[in-house]
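To keep things clear, I will list the structure first and then write my remarks on it.
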Amino acid sequence: METTQTRKRIALIGAGQVGGAAAYALIQSSLAAELLLVDTNIAQRDAQVRDLSDVAFATGSGTRVRAATYHEAGQESDVVVITAGSRHTPGQSFGESAARNVSIVRNVVSAMTPFRKDAVLLVVSNPVDLLTSLAGELARLPRTQVFGSGTFLESARLRGLIADHVGIAANSIDMYVVGVHGENQVPAWSTATVGGVPLDTALPAGQIDRAALADECKHFSDDVIRTKGSTPFGIGAIIASLCASVLLDRRNVRPVSHFVPEFGCCVSMPAVLGRQGIVRTIQMPLAQEEGEAVAESAGVVKKQLDRILEDCTPRQW
Ligand SMILES: NC(=O)c1ccc[n+]([C@@H]2O[C@H](COP(=O)([O-])OP(=O)(O)OC[C@H]3O[C@@H](n4cnc5c(N)ncnc54)[C@H](O)[C@@H]3O)[C@@H](O)[C@H]2O)c1
């Protein structure tokens with residue numbers, strides 16, 4: 001008899017470093033019956049299918065991996081994850097790498113449209129807030145069904161860094177990094193708690209150097225990217241976790257990039273995740289300077305989005 005589990009499919013658009021790491025984590029969890037890999041580089045895609053099939057065989061996973069087309073991904077998948085794109089390479093301007101990924105996301109979303117009505121689209125390619133906003137405009141899905149990995153990885157990382165400094169388990173620290181992924185991320189210190197107690201009370205001044213930790217969190221991957229070109233494992237684990245929240249309708253609260261009407265674009269705020277994607281946003285009583293920092297960087301994303309939507313030629317962007 002076909003169970004609900006056997007019918008679940010996740011598509012990964014982009015079978016590079018990040019897509020491969022996400023697939024590795026997903027296979028280990030046996031979350032879906034099938035993983036569909038889509039890539040314009042056919043040799044790369046097929047090599048990943050074979051290598052990842054070995055993971056399934058070796059671990060006794062219930063997940064099978066196969067190559068697929070955009071059409072199959074859009075029509076047959078419960079969750080479609082976009083990791084296609086070019087990495088930001090040293091010496092390349094932000095605008096150059098962003099413009100290329102804008103063009104890639106436009107093409108892949110259009111190639112997959114129309115999506116299955118209940119498909120959830122998870123955007124990972126960078127700049128993730130802009131690309132999630134763009135995908136949300138183009139996918140012809142309800143806004144709640146399109147979200148981005150946003151600042152979930154940074155939030156997990158900052159909890160881990162604090163935990164290491166104070167000797168308290170990371171899962172007893174409730175702390176979010178919010179706003180726009182990357183240089184302008186905002187650690188929401190004002191709402192952080194330890195064991196339900198406000199951070200200011202639980203860890204009085206002097207116990208942690210907030211500025212140093214925030215800086216370490218922001219630049220944690222810089223050396224890794226310089227050394228090995230990519231940071232696939234952390235984001236791969238985050239993708240697997242987000243897929244589980246959706247497919248299992250877990251209702252986890254996660255800081256993911258999603259449409260915030262006040263800003264007219266997608267930025268990360270804690271949201272409840274379930275089978276239909278964003279179930280609702282959790283309103284955060286941010287300190288004034290934190291709120292202003294989020295609004296300022298959201299304003300930049302919104303301007304970039306408007307320019308792309310007005311003038312669809314990325315070269316001019
Ligand atoms: N949001 C995050 O926290 C986070 C973390 C790490 C990486 N990333 C982003 O993930 C993206 C992928 O990084 P990577 O290290 O895997 O790069 P990669 O170069 O290893 O892989 C990208 C893959 O996308 C494929 N591709 C390009 N255009 C495509 C298209 N139109 N359709 C299908 N596939 C296409 C390429 O052939 C390649 O296999 C980058 O944009 C990177 O910045 C995001």
Side-chain angles (χ1 to χ4, degrees), residues 11-25 36-49 51-52 67-74 80-90 92 94 96-113 122-135 138 147-158 177 179-185 217-222 224-242 254-258 266-268 301 314:
L12 290 160
I13 314 302
Q17 295 288 323
V18 172
Y24 182 80
L36 312 188
L37 299 195
V38 181
D39 202 299
T40 42
N41 182 338
I42 301 300
Q44 161 82 10
R45 179 199 67 185
D46 292 347
Q48 290 284 49
V49 167
D51 194 14
L52 290 159
T69 61
Y70 290 119
H71 181 75
E72 287 172 303
V80 178
V81 186
I82 299 183
T83 65
S86 59
R87 297 176 214 155
H88 183 79
T89 49
Q92 197 179 31
F94 172 80
E96 279 167 351
S97 68
R100 197 168 133 66
N101 285 357
V102 162
S103 161
I104 288 174
V105 165
R106 286 209 351 248
N107 291 340
V108 304
V109 170
S110 128
M112 287 188 285
T113 307
L122 165 58
V123 179
V124 179
S125 308
N126 276 317
V128 68
D129 301 284
L130 178 62
L131 298 183
T132 307
S133 305
L134 181 62
L138 303 177
F147 70 92
S149 52
T151 51
F152 185 16
L153 177 56
E154 288 88 339
S155 299
R157 181 186 293 155
L158 188 54
V177 176
V180 173
H181 171 80
E183 199 50 38
N184 295 320
Q185 60 186 256
C217 178
K218 195 185 292 184
H219 297 290
F220 199 76
S221 333
D222 293 1
V224 187
I225 290 172
R226 268 191 293 274
T227 308
K228 59 175 224 173
S230 184
T231 52
F233 296 119
I235 190 68
I238 291 293
I239 293 168
S241 166
L242 290 171
R254 302 294 187 223
V256 289
S257 188
H258 62 285
C266 295
V267 295
S268 283
V301 174

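Along the sequence shown, residues carry numbers from 1. Atoms within each ligand, like the ligands themselves, are counted from 1 in listed order.
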Sub-4.0 Å atoms of ligand 1 with respect to non-hydrogen atoms of Gly16: 16 (O), 20 (O), 21 (O), 23 (C), 39 (O)
Going by distance only, is there an N or O of Ser230 that falls short of 3.5 Å from an N or O of ligand 1? yes
Between ligand 1 and Val124, can you find any atom pair, the residue atom being a heavy atom, that is separated by under 4.0 Å? yes
Main-chain N/O of Gly14 paired with Thr83 side-chain donor or acceptor, under 3.5 Å: yes
With a heavy-atom distance limit of 4.0 Å, tell me whether Ser149 approaches ligand 1 through its side chain, its backbone, both, or neither. side chain
Taking atom CG of Leu158 and atom CG of Leu153, what is their separation to the nearest 0.5 Å? 11.0 Å
Taking side-chain contact (heavy atoms from CB on, under 4.5 Å) as the test, write out the residues that go with Thr113, two or more places apart. Val109, Phe115, Arg140
Do Gln48 side-chain atoms and Gly16 backbone N/O form a donor-acceptor pair below 3.5 Å? yes
Do Thr69 and Glu72 get their side chains close enough for a donor-acceptor pair, meaning under 3.5 Å? yes
Is the shortest N/O to N/O distance between Ile104 and ligand 1 below 3.5 Å? no
N/O donor-acceptor pair under 3.5 Å between Ser155 side chain and Val177 backbone: yes
Ligand 1 and Asp39, any nitrogen or oxygen pair closer than 3.5 angstrom? yes
Donor-acceptor check, side chain of Glu154 to backbone of Cys217, threshold 3.5 angstrom: yes or no? no
For ligand 1, which is the ligand I care about here, please tell me if Asn126 has any N or O atom under 3.5 Å from one of the ligand's N or O atoms. yes
If the contact criterion is a heavy-atom separation under 4.0 Å, does Ser86 count as touching ligand 1? yes
Indicate the atoms forming the closest heavy-atom contact of Arg157 with Ser221, along with that distance. NH2-OG, 3.3 Å
At under 4.0 Å between heavy atoms, what of Arg45 touches ligand 1? The answer is neither
For ligand 1, which atoms, with element, lie under 4.0 Å from some heavy atom of Val18? 6 (C), 7 (C), 10 (O), 13 (O), 14 (P), 15 (O), 16 (O)
Taking the side chain from Asp129 and the backbone from His181, do they hold a donor-acceptor pair closer than 3.5 Å? yes
So the atoms of ligand 1 within less than 4.0 Å of a heavy atom of Tyr70 turn out to be 30 (C), 31 (N), 32 (N), 33 (C)
Numbered in order shown, the ligand 1 atoms found under 4.0 Å of a heavy atom of Val108 are 30 (C), 31 (N), 32 (N)
Ligand 1 contact on Gln17 by region, counting heavy-atom pairs under 4.0 Å: both
Which of the ligand 1 atoms, numbered from 1, are nearer than 4.0 Å to a heavy atom of Asn41: 37 (O)
Element-labelled atoms of ligand 1 that are located less than 4.0 Å from some non-hydrogen atom of Thr231: 6 (C)
Can you tell me if Tyr70 has over 12 outside heavy atoms packed within less than 6.0 Å of its OH? yes
Near Asn101 (heavy-atom distance under 4.0 Å), the atoms of ligand 1 are 41 (O)
Heavy-atom donor-acceptor pair, Ser125 side chain to Gly85 backbone, under 3.5 Å: no
Check whether any N or O atom of Ser125, backbone or side chain, sits under 3.5 Å from an N or O atom of ligand 1, and answer yes or no. no
Gly179 versus Thr151, closest heavy-atom pair with distance: O-CG2, 4.1 Å
Kindly compute the distance separating CG (Asn126) from OG (Ser97), expressed to the nearest 0.5 Å. 8.0 Å
Show the atoms of ligand 1 that are less than 4.0 angstrom away from any heavy atom in Gln44. 39 (O)
So for Phe152 against ligand 1, with non-hydrogen atoms under 4.0 Å, the contacting part is neither
Among Gly85, Gly148, Gly14, whose heavy atom sits nearest atom 22 (C) of ligand 1? Gly85
At a non-hydrogen distance cut-off of under 4.0 Å, which region of Ile238 contacts ligand 1 (side chain, backbone, both, or neither)? neither
